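Notes follow the structure.
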Amino acid sequence: MSRTTSSNDAGRETVIKVRDLVVGFGDKIIMNGLNLDVFRGEVLGFVGGSGMGKSVLMRTILGLVPKRAGKIEVFGRDLDTLTEAEEHAVHRRFGVMFQQGALFSGLTVKQNVQAPMREYLDISQRLMDELALLKIELVGLRPDAADKFPSELSGGMIKRAALARALALDPDLVFLDEPTSGLDPIGAADFDELIQTLQHTLGLTVFMVTHDLDSLYAICDRIAALADRKVIAAGPMETMLASEHPWLRAYFHGKRGRMISPPQASAG
Amino acid sequence: MSAEPQFSSERAGDAVRLALRGAWTIDAGRAVERAADGLVEAARGARLAVFDFSGVDRLDTAGAWLIDRARVSIEATGAQNRIDRAESQYKTLLQEAGWRAFESHPDRRTDTVMDFLVDVGHNVVYAGRDIAKGVSFLGESVVALTRAILRPHDFRATSIFYHLENFALRSVPIILLINFLVGGIVAQQGIFQLRYFGAETFAVDLIGILILRELGVLLTSIMIAGRTGSAITAEVGSMKMREEIDALKVMGVSPMQALVAPRLIALIVALPLLTFLANMAAIGGGLLVSWVYGGLSPEAFMSRLQTAIGFNTFMVGMIKAPFMALVIGIIAAMEGMAVHGSAESLGRQVTASVVKSIFMVIVIDGLFAMFFAAIDY
């Protein structure tokens, strides 16, 4: 059964609600009857094997990949029924950080952060500069990075700059595609902490596609696991560890899973 | 839906109470900026400013920043200040997104004349370096080519044939087409202009000499610089970008030998062949137009052509072809090797490769024209 909501989730506001989603490319079905809920104010970690379509789900919710069937509701609005203006308004509340950063290569970091502001807002150049620098500092970049071009940044700095851009408009919902991939363990831990701090401060809802077991343990309130074209389990870490599904057992009780799992969790 | 950011101020002696109301978020745009500036104005002259957050519906980083900026400005006038009745999440926001001084980075000097001179200087230096780099690359290529000839078992025959197919065979249709058309155009113009002097038949001389000496090889070289030169730069460049060149080096394979030499050889073989085809297509085009438009029969055209041109006319064009190929290949490979890191650098180098090789093709054509005139060939 693909039951994704447990009873104690009732009463919480659903930010993303996916029902019976079918997505495919050509003959290949990537998702079939997928259900998922993301609640306000939580960090949801979305796990799944390589090539299983974790990023595809994120891209489908963002409207970058067409779906074949099913329903996606974001902020309680069915994405299929929105007019162009309403869709614009919904996207205005998204912040997206792509896996490779997707910073505009012709713009400096500061201009990258200002790009969504220019698109959506009517504010003075002074405030725009100040806000961009504030966001850059919030994500832990040094101010002198603001005038650098993406090609002059290291991998970790690109991730941070991309996060700063995702936060430019104070979004309610942030999508992160493998935020810690390619970072060294210290950088990854810093980044986890950063996401958590920002999430608490700004009251964000975070949808995070990840492979990183450390991130899952450290900052995710709930985890959803994708296998067999469905969300096979969703819930806090204990639910994952208790699951009998072979893929989940392999994932969380494998060699690497055991190494990090804290003792009280592995007892559960 | 949310209320505009507003505030009301109440003075009590030296103290002012600023009661904030509405949504202090970035969506309000300039309204939130004006409201924040108003805060400073309202607190002017007061000794104590109290920010009352009880009426705030929403607050985001931009609102927090602006309120805190106003607070700091008020503080700078010597007034005390206090934050009152703020919910805990607002307090966190005010702390995290609070005002801080950013060291300003002044824009770089914008003196147009000076910048222009600096640009010119840079370009001269770069052009000089380009020539030096080109010559050194030519040297390396010669070494690689010699080695390929001296050690035939290292000779990458498969690779050469693969590139020959790409560079030569696949270029044939477009080369034939453009040269056929240009031959026809030259013939039409020649006949049309020479008709005034009753010298239409000399159009055949014009076609034969112009095409065989100059146009055939020039058009083919320019076409190949655009079509094949750009492809070589893109191929080599993307290999450089993805560290494939480094992988080759680590394996002990010289990229000059594995990548550049086969392409150069294929290009040097391909361009004369294509030039020959181009010449034939252009003369064919000329013949057809002379016949249809000028009323000159093919037999008459052929016999006229035979007297107009000699073997040396044909050779002048053909001799140039391998040199054009060498220049195109060297520039293309060199620009490919100059790619680093990002995809936009690849795009830049491909453009540079095409522009430079077309420019050099024309320069070399000019040099050959002077050379052949000097030796009276």
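Each chain gets a letter, A, B and so on, in the order its sequence line appears, and its residues count up from 1. In this text the structure is predicted, and so the values were computed from the model without any measurement.
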Which region of B:Leu66, side chain (C-beta onward) or backbone (N, CA, C, O), has a non-hydrogen atom less than 4.5 Å from a non-hydrogen atom of chain A, or is it both or neither?
side chain

Do side-chain atoms of B:Glu33 reach the backbone of A:Ser124 as a donor and acceptor pair under 3.5 angstrom?
yes

Assess whether atom CD of B:Glu75 is packed by more than 12 heavy atoms of other residues, nucleotides or ligands within 6.0 Å.
yes

Does CD belonging to B:Glu243 count more than 12 external heavy atoms closer than 6.0 Å?
no

Would A:Glu130 and B:Arg69 pass as an ion pair if we require N to O under 4.0 Å?
yes

Flag if over 12 foreign heavy atoms under 6.0 Å of CD, A:Glu152
yes

If we ignore hydrogens and angles and just use 3.5 Å, is the side chain of A:Asp122 paired with the main-chain N or O of B:Gly29 as donor and acceptor?
no

Against chain B, label A:Leu134 side chain, backbone, both or neither, depending on which of its atoms sit under 4.5 Å from a heavy atom there.
both

Looking at A:Glu84, I'd like to know if its CD atom is crowded, meaning that more than 12 non-hydrogen atoms belonging to other residues, nucleotides or ligands lie closer than 6.0 Å.
no

Test item: B:Ile26 and A:Leu121 side chains (from C-beta on) under 4.5 Å apart, heavy atoms:
yes

Under 4.5 Å heavy-atom distance to chain B, tell me which part of A:Leu169 shows up: side chain, backbone, both or neither.
backbone

If you count every heavy atom of other residues, nucleotides or ligands that lies below 6.0 Å from A:Lys110 atom NZ, does the total exceed 12?
yes

With a 4.5 angstrom heavy-atom cut-off, could you sort out which part of A:Glu137 is near chain B: side chain, backbone, both or neither?
side chain

Atom CD of A:Glu193 with >12 non-hydrogen neighbours under 6.0 angstrom:
no

